[in-house]
Engineer: 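Take a look at the following structure, please.
Everything numeric in this text was worked out from a predicted model, so none of it was measured. Position 1 is the first residue of the sequence; numbering continues from there.
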Amino acid sequence: MSAGNSPRETLEMESFHTRFSAWTPFSNKSLNRQLFQERVALVSHWFDLWTNKQRQEFLFTIFLRCSKSQLRVVQEWFSERMQVARVDFSTVLPRFISLYIFSFLNPKDLCAAAQVSWPWKFLTEQDCLWMPKCIKFGWFLPYTPTENEYGAWKHHYIACVSNLDWLTPREAAAMYGTLNEPKTEDEELQERQREKCLRKIIWEKIALRKKLLFNVRPPWVSGTRCSRLLKSKCQPCLSQTMRDRVGFHETLEKQLILASLDALPKRSSVSGCHSYPFLPKKNWRGIYESDVSSSNALQPHFILISSRIPAYEMVVNSVKAGIVSVVYEHSGLTLESLFYLIEKALDGQKAQSVGIFSDGDSREINLIQGYKIGVKNLLRPEVRDFWEKLGSCVAPEDEGGHVDIFAPLGASEAGIEVLSQLSQLTGTLFTAPTGIATGSYQHILSDWLGRQWDRAPPSIYFSESKLQTWSSLTDFLEDTLKSVRKQLSPLFKELQKNASGRMIGQFVFDTMSMANTLNNQEIVQALADGLTELSKENSDRPLEFLSSFLLKKCSKKSKDFEGNIILPKCDPTATCDLSMEEKKLQLDSAEKRTSVLRELFQSERKYVQILEIVRGIYVAPLRAALSSNRAILSAANIQIIFSDILQILYLNRQFLDALRDRLQEWGPAHCVGEIVLKFGSQLNTYTSFFNNYPVVLKTIEKCREMTPAFRAFLKRHDKTMVTHMLSLPELLLYPSRRVEEYIHLLYALRLHTPAEHVDHGDLTTAIEQIKKYKGYLDQMKQTINMKDRLSDIERIIWGCPILSEVNRYLIRVQDVAQLHCCDEEISFSLRLYEHIRDLSLFLFNDALLVSSRGTSHTPFERTSISTYQFIASVALHRLLIEDIPDSKYIRNAFILQGPKHEWICAAEGEDDKFLWLSVLQSAIKSSMEK
């Protein structure tokens, strides 16, 4: 039985044979599958009961145990059942690549892309994408966006597009027709004739322009065609080989330089002398043609507008198109500068008519400040010269030329006399409104004197509707100003009276004693009346007006005195009152003098306290640490930094003690000038301090960087409550401020010291002494600043030689472009030039330094840095200057020629060249005279 059952038992035992554990059958697949399903269900049940964190940890553990094939199965399962989101390139790629991709989109597509997502909206509204699209159509942003402003150029583009008057293709075809519409033979013939006439006119203008370019005048308004011809005439005996010779004689060289300076063309001013006015271009309005006008060319109309006109901006805006207009400043200009503006605006042309829109009345024209043109001053040399020059800029009367003055001179006989004298003086017709219309500036819309034209002078220059609007606004402004003047007139009169009284009082107090002042009250009153009348008249010559007023007052007083024979009797009561008033004034002056002396003492005490802070907070601890073998600074550095300030402390403490002793026994008869004189004679201590001040600052900075203990020491003591929140370098600035305070305090002390007082002379001497010393300090500061500037130039110019020399200073720096002439054999007007590099010219009082200029860019920064490379330096007495006349191919050019080198340079603008050559010419002449 046992033998028969043994094989069956063996099979059953094999089927239940386990692997890894007692619960996993090894060969029974069904049981194995059943048991696996049960365990999966158990694990799933546990998985459902776990938290999110526990589930993540479980998955992480499982994925770490998986092989690559198993992970690939998971990935495929996800890709089949769950759609994976696509990657946004703008969030992955660098920003500049994303912007480069978006730059290929047109504005419509950019607006559509901005609606996709917030990252796309942020990128598609960047200014770097929209700014080129705006500039392409000439739509410039009227302001500079701030750093935090977002989408400014996009908003500007949308605003400009929304304001366009555009038509759809269907509307345009209905309004203008299409290009494919057939034309009749007459229309084609007329179009061909029109094109032929236009082509002929263009050819004639091009030929005329080429012809005029050969005869163009240089910018210096000289009659010479070429400065090289002038140079050859002035220097017949000197050749190029002689100039290049090393050892030629100094006298001939000096003559050569002076001849080249004299050969330079000049720009003549109105008065005939060679001046160099440098006027701002902000008041030039319009774009002036550069062509030289011929006799057949159309002459423009010119209007000159004063800034004194109320709301002159509206007048400028009402000027018609094609009218040349210039706005000039009423104050700060001379007649020469005013004519220079007119000549610059006309650019050598003659005007058909000239209008002068300035302030004035029926008797005179308020052209500029200080020049009211009337019958009295019309024949003055500078006034007459101005009007003669102005008349030469206007076409003759037989050709319709005239000058229109927008002031009601035609409303009075004096004004008509001014117009007739101007017409006789210049030979040009002068017109003005008759002033029949009412209103402040309504006279310009009234009838005008002179012959009748097709249209009134205001309609020649201005749009009548805009001018009428301006006139109405001006009436309203005038009414408002009248009410304001009426309300403020009493206040202004009181202020005027107080100011004239103070001026007269100060003048009389400085020149007379108390008794003389009280005895000459009539003189004081006469001077006060004269100043009041002078302020009312607003005369051009105040001293002459005041003297004539006083003479009239004196003659009137003498007549009254001659008519009154009976002399008044002397009143003893009045004499007693006069003496009492004099004593009262003397007491007031003594009290003010005492208060000023107390202020001098208190300010000196505060100043000494500041100096004692330097000694107590800085010097004493440093010396204590040095004596205890725990030195923070060496003895030499302590001596360099603090020796001079300690000497100043000793000197000012003595001065403070002397002031304290004098103030304790102070009285009206006591003097303080001798103490100040003694103190002023010892100011050499300050000289040593100021001479060593740069060395002291450098020593402090060097010790701060090299010595950590001293850096920690300054960190503990600087800017604390004890030092009044000041650092050590700031505390060392007090001596320079104190010198200027001495002058102000001594001036106040002398002001309240009577002229007959003994101390008055000593105070005057002390003031002059300290002022002289302050001038020496200012000169020393200026010298130090010049040395620092020269050292800065040495530092920024690569390869620059040592510039620090005695009495050398920088005058001007000019940026120019260096040119190269391709062919020097042909005429000046046909020469071609090429730009080689940029130069910077550093002009000193004795030499000219030439350096090349480049630009260095720093990554991730918008600003660039200019770099300089030394080329050469030329002494001014060996430098030749030559002008190059303007042509079709070059403008604003000149030649600088030294003993060994020659540079052809071109300035950026005409004024830059004009100012540079004038300054260079003056510097060369000054160096030749030394």
Engineer: What I want to check is whether the side chains of Thr334 and Ser337 have a donor and an acceptor closer together than 3.5 Å.
Structural biologist: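 Checked: Thr334/Ser337 side chains pair up, N/O donor to acceptor below 3.5 Å.
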Engineer: Is there a side chain to side chain contact (heavy atoms under 4.5 Å, CB included) between Tyr328 and Ile342 once you walk through the steps?
Structural biologist: CA-CA 10 Å; Tyr328 69 93; Ile342 299 172; over 6 Å; no
Engineer: Quick one: are Ile405 and Phe430 in side-chain contact, heavy atoms under 4.5 Å?
Structural biologist: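 Of all side-chain heavy-atom pairs linking Phe430 with Ile405, at least one is under 4.5 Å.
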Engineer: Can you tell if the side chain of Leu843 reaches within under 4.5 Å of the side chain of Leu810, non-hydrogen atoms only?
Structural biologist: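 No, side chains not in contact.
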Engineer: Which distance, rounded to the nearest 0.5 Å, do you find between the CD of Gln814 and the CG of Leu917?
Structural biologist: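 So the gap between those two atoms works out to 9.0 Å.
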Engineer: For residues Phe357 and Tyr312, establish whether the separation of their ring centroids is below 6.0 Å.
Structural biologist: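 Ring-ring flag for Phe357/Tyr312: false, centres at least 6.0 Å apart.
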Engineer: Within a radius of less than 6.0 Å around CZ of Arg789, do more than 12 heavy atoms belonging to other residues, nucleotides or ligands occur?
Structural biologist: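 Not more than 12 within 6.0 Å, no.
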Engineer: Evaluate the criterion side chain to side chain contact (heavy atoms under 4.5 Å, CB included) for residue pair Arg808 and Asn845; output intermediate values, then yes/no.
Structural biologist: CA-CA 6 Å; Arg808 172 176 287 179; Asn845 60 328; 3.8 Å; yes
Engineer: Inspect the contact between Glu464 and Lys320 and indicate whether a charged nitrogen and a carboxylate oxygen are less than 4.0 angstrom apart.
Structural biologist: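 No salt bridge links Lys320 with Glu464.
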Engineer: Any side-chain heavy atom of Tyr833 sitting closer than 4.5 Å to one from Ile884?
Structural biologist: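 SC-SC contact between Tyr833 and Ile884 confirmed.
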Engineer: Should we say atom CZ of Arg384 is surrounded by more than 12 heavy atoms from elsewhere, each under 6.0 Å from it?
Structural biologist: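 Not buried by this count: 12 neighbours or fewer within 6.0 Å.
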Engineer: Stepwise, does the ring-ring contact (aromatic ring centres under 6.0 Å, His included) test hold for Phe339 with Trp387?
Structural biologist: CA-CA 9 Å; Phe339 181 75; Trp387 290 109; over 10 Å; no
Engineer: Report yes if the side chains of Val874 and Leu896 come closer than 4.5 Å at any heavy-atom pair, otherwise no.
Structural biologist: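 Result no, sub-4.5 Å side-chain heavy-atom pair not found.
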Engineer: Yes or no on side chain to side chain contact (heavy atoms under 4.5 Å, CB included) for Ile303 and Phe406, after CA distance, side-chain angles and deciding distance?
Structural biologist: CA-CA 10 Å; Ile303 182 68; Phe406 287 76; 3.9 Å; yes
Engineer: State, with a plain yes or no, whether a side-chain heavy atom of Phe844 is found less than 4.5 Å away from one of Leu876.
Structural biologist: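 No, side chains not in contact.
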Engineer: Please determine, by modelled atom types, if Tyr461 and Ser353 share a side-chain donor-acceptor pair under 3.5 angstrom.
Structural biologist: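 Side-chain D/A pair, Tyr461 to Ser353: present.
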Engineer: Measure the CE-CG distance between Met928 and Leu879 for me, rounded to the nearest 0.5 Å.
Structural biologist: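 Met928 atom CE to Leu879 atom CG measures 11.0 Å (nearest 0.5 Å).
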Engineer: Does the pair Lys925 and Glu929 meet the rule for a salt bridge (Lys or Arg N to Asp or Glu O under 4.0 Å), with working shown?
Structural biologist: CA-CA 6 Å; Lys925 288 185 177 180; Glu929 293 173 358; over 6 Å; no
Engineer: Verify the distance criterion only: is there a donor paired with an acceptor across the side chains of His330 and Ser307 at less than 3.5 Å?
Structural biologist: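 No, because no side-chain N or O of His330 sits under 3.5 Å from a partner of the opposite role on Ser307.
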Engineer: Applying side chain to side chain donor-acceptor pair (under 3.5 Å) to Asp846 and Ser927, what does each step give before you reach the verdict?
Structural biologist: CA-CA 6 Å; Asp846 59 347; Ser927 65; over 6 Å; no
Engineer: Rounded to the nearest 0.5 Å, what separation is found between the CD1 atom of Ile904 and the CD atom of Glu882?
Structural biologist: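 Those atoms lie 9.0 Å apart.
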Engineer: Can you find a heavy atom in the side chain of Ile881 that is under 4.5 Å from one in the side chain of Ile924?
Structural biologist: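 Yes, side chains in contact.
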Engineer: Let me confirm one number: the CE-CG distance from Met786 to Leu790, rounded to the nearest 0.5 Å.
Structural biologist: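 Those atoms lie 8.5 Å apart.
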Engineer: Apply the test salt bridge (Lys or Arg N to Asp or Glu O under 4.0 Å) to residues Arg363 and Glu413: give CA-CA distance (whole Å), side-chain angles for both, the deciding distance (0.1 Å), then the verdict.
Structural biologist: CA-CA 8 Å; Arg363 294 178 174 272; Glu413 295 182 358; over 6 Å; no
Engineer: Please check if the number of heavy atoms outside Gln782 that lie under 6.0 Å from its CD is greater than 12.
Structural biologist: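 No - once you tally the heavy atoms of other residues, nucleotides and ligands closer than 6.0 Å, there are 12 at most.
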Engineer: Which value, rounded to the nearest 0.5 Å, describes the distance between Phe842 atom CZ and Arg812 atom CZ?
Structural biologist: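 Reported value, rounded in 0.5 Å steps: 12.5 Å.
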Engineer: Does the pair Ile368 and Leu338 meet the rule for a side chain to side chain contact (heavy atoms under 4.5 Å, CB included), with working shown?
Structural biologist: CA-CA 9 Å; Ile368 57 177; Leu338 182 59; 4.1 Å; yes
Engineer: Is there side-chain contact between Asp815 and Leu839, with at least one heavy-atom pair below 4.5 Å?
Structural biologist: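 With C-beta onward as the side chain, the pair stays apart.
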Engineer: To the nearest 0.5 angstrom, please state how far the CD atom of Glu902 sits from the CG atom of Leu880.
Structural biologist: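 Those atoms lie 9.5 Å apart.
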Engineer: Any side-chain heavy-atom pair from Leu367 and Lys372 closer than 4.5 angstrom?
Structural biologist: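 When only atoms from C-beta onward are counted, Lys372 and Leu367 do not touch, as no gap falls below 4.5 Å.
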Engineer: Dump the intermediate steps for salt bridge (Lys or Arg N to Asp or Glu O under 4.0 Å) on Lys913 and Asp883, then the final yes or no.
Structural biologist: CA-CA 10 Å; Lys913 171 187 173 181; Asp883 178 57; 2.6 Å; yes
